[in-house]
Amino acid sequence: MTKQIKPGLLLLALAMALPAVAADKPASKPTAKANHAPAKHAVPEVLAPVVISPEQMVIANKVLVGKINCELGAVVTMTNDEHSPGRFFLDMGAKRYVMLPVVTSTGAIRLEEESSGAVWLQLGNKSMFMNQKEGKRLADDCMNPDQLLVAQALERNPQPGLLDAPKDALVPIGSGGAVQELVPNPEPPPKAKSKKKSK
């Protein structure tokens, strides 16, 4: 009779051990699956609002936003900060820059993130992104559709060089210079031909 009890006890011990082993295995599998799950992007923190000057707001109203294609396949995305008018987010790759308008003497639209040295310059025909602290360009020849049209127009009708004389000019006529008239630029006088010496 003891012989019959021993195999029964052995089966009972195995039956009790199997659920414990089975319970351990599923716990290890979900951790493996969790490693393969895509990483969740952190929710961007809301920054404290900033107050900018009226001059900065004039610049901010001219900033082009959206996806902007650049040279060498680089892409920059410029978005408005909904919580702080006049502040922008510039995303390039995995990096985000918080940009504020800077008043310039040239009239170029300039945004900066002072902490990193990031600078965005926007002209009529292109924009560029650089790191002022490192002294290098991060993206060049960035153009949204409006800037592309301006760039194409400049290719068809190039601006005269700084040293080129204008073909026609408006000149003041009369007292106070109030009246203007379109006067053709005079053609340069022909060069005198030098006479050959006869022997």
Side-chain angles (χ1 to χ4, degrees), residues 27-162 166 170 178 180:
S28 62
K29 285 184 181 177
T31 56
K33 287 182 182 176
N35 290 341
H36 295 293
K40 293 181 180 178
H41 295 289
V43 177
E45 63 182 74
V46 177
L47 301 171
V50 294
V51 177
I52 64 173
S53 70
E55 294 85 6
Q56 287 175 296
M57 189 54 82
V58 169
I59 295 167
N61 290 332
K62 296 177 184 177
V63 173
L64 300 171
V65 295
K67 181 179 173 184
I68 303 170
N69 295 317
C70 304
E71 183 179 61
L72 303 175
V75 176
V76 169
T77 304
M78 183 75 73
T79 54
N80 293 308
D81 181 353
E82 296 175 3
H83 302 287
S84 190
R87 182 166 58 190
F88 298 87
F89 297 118
L90 187 150
D91 294 301
M92 183 175 174
K95 288 197 156 199
R96 171 169 271 196
Y97 302 88
V98 180
M99 311 295 282
L100 289 172
V102 176
V103 178
T104 65
S105 60
T106 62
I109 299 182
R110 181 182 177 107
L111 302 176
E112 288 185 12
E113 181 183 65
E114 194 173 331
S115 62
S116 68
V119 176
W120 176 256
L121 286 176
Q122 177 185 307
L123 305 173
N125 60 331
K126 68 177 182 174
S127 298
M128 64 190 78
F129 185 47
M130 63 188 86
N131 187 310
Q132 191 169 284
K133 287 184 178 178
E134 296 175 8
K136 66 178 184 180
R137 289 189 184 184
L138 304 173
D140 203 2
D141 283 340
C142 303
M143 294 183 217
N144 83 340
D146 294 338
Q147 288 174 309
L148 183 60
L149 290 174
V150 173
Q152 290 170 345
L154 286 173
E155 283 179 17
R156 287 190 301 270
N157 303 309
Q159 296 294 316
L162 183 60
L170 287 172
Q180 293 186 347

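Being a predicted model, the structure only gives us computed values, none of them experimental.
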Atom pair SG (Cys142) and CG (Leu64), whose distance is rounded to the nearest 0.5 Å
11.5 Å
Spacing of CG belonging to Asp91 relative to CZ belonging to Arg96, to within rounding of 0.5 Å
4.0 Å
Nearest atoms (heavy-atom pairs only) where Arg87 meets Val50:
NH1-CG1, 3.5 Å
Separation of Glu113 CD from Gln132 CD (nearest 0.5 Å):
12.0 Å
Under 3.5 Å, side-chain donor or acceptor atoms of residues 99-106 against the rest of the protein: list the pairs with distances, not counting sequence neighbours.
unit_1	atom_1	unit_2	atom_2	d
Thr104	OG1	Gly107	N	3.3
Thr104	OG1	Ala108	N	3.4
Thr104	OG1	Ala108	O	3.0
Thr106	OG1	Ala108	N	3.3

Checking Lys133 side chain against Ser115 main chain: does a donor-acceptor pair fall under 3.5 Å?
yes
Which heavy atom in Gln122 sits nearest to a heavy atom in Gln147, and how many Å separate them?
CG-NE2, 3.7 Å
Could you grab the distance from atom CE of Met143 to atom CG of Asn69, nearest 0.5 Å is fine?
10.0 Å
For the residue pair His83 and Asp81, what are the closest heavy atoms and their distance?
N-OD1, 3.0 Å
Between atom CG of Asp140 and atom CG of Leu121, what is the distance when rounded to the nearest 0.5 Å?
10.0 Å
N/O donor-acceptor pair under 3.5 Å between Asn80 side chain and Glu82 backbone
no
Nearest atoms (heavy-atom pairs only) where Ala139 meets Met92
CB-CE, 4.0 Å
Over all heavy atoms of both residues, which pair between Met57 and Pro85 is shortest? Give the atoms and the distance, please.
CE-O, 3.7 Å
Residues 113-159 vs ring pair (Phe, Tyr, Trp, His ring centres under 6.0 Å), sequence neighbours excluded, gives Tyr97-Phe129
Give a yes or no on whether Gln152 atom CD has more than 12 heavy-atom contacts from other residues, nucleotides or ligands under 6.0 Å away.
yes
Restricting to non-hydrogen atoms, name the atom on Leu90 and the atom on Met78 that form the minimum distance, rounded to 0.1 Å.
CD1-CE, 3.6 Å
Value rounded to 0.5 Å, distance of CG in Asn61 from CD1 in Ile109:
9.5 Å
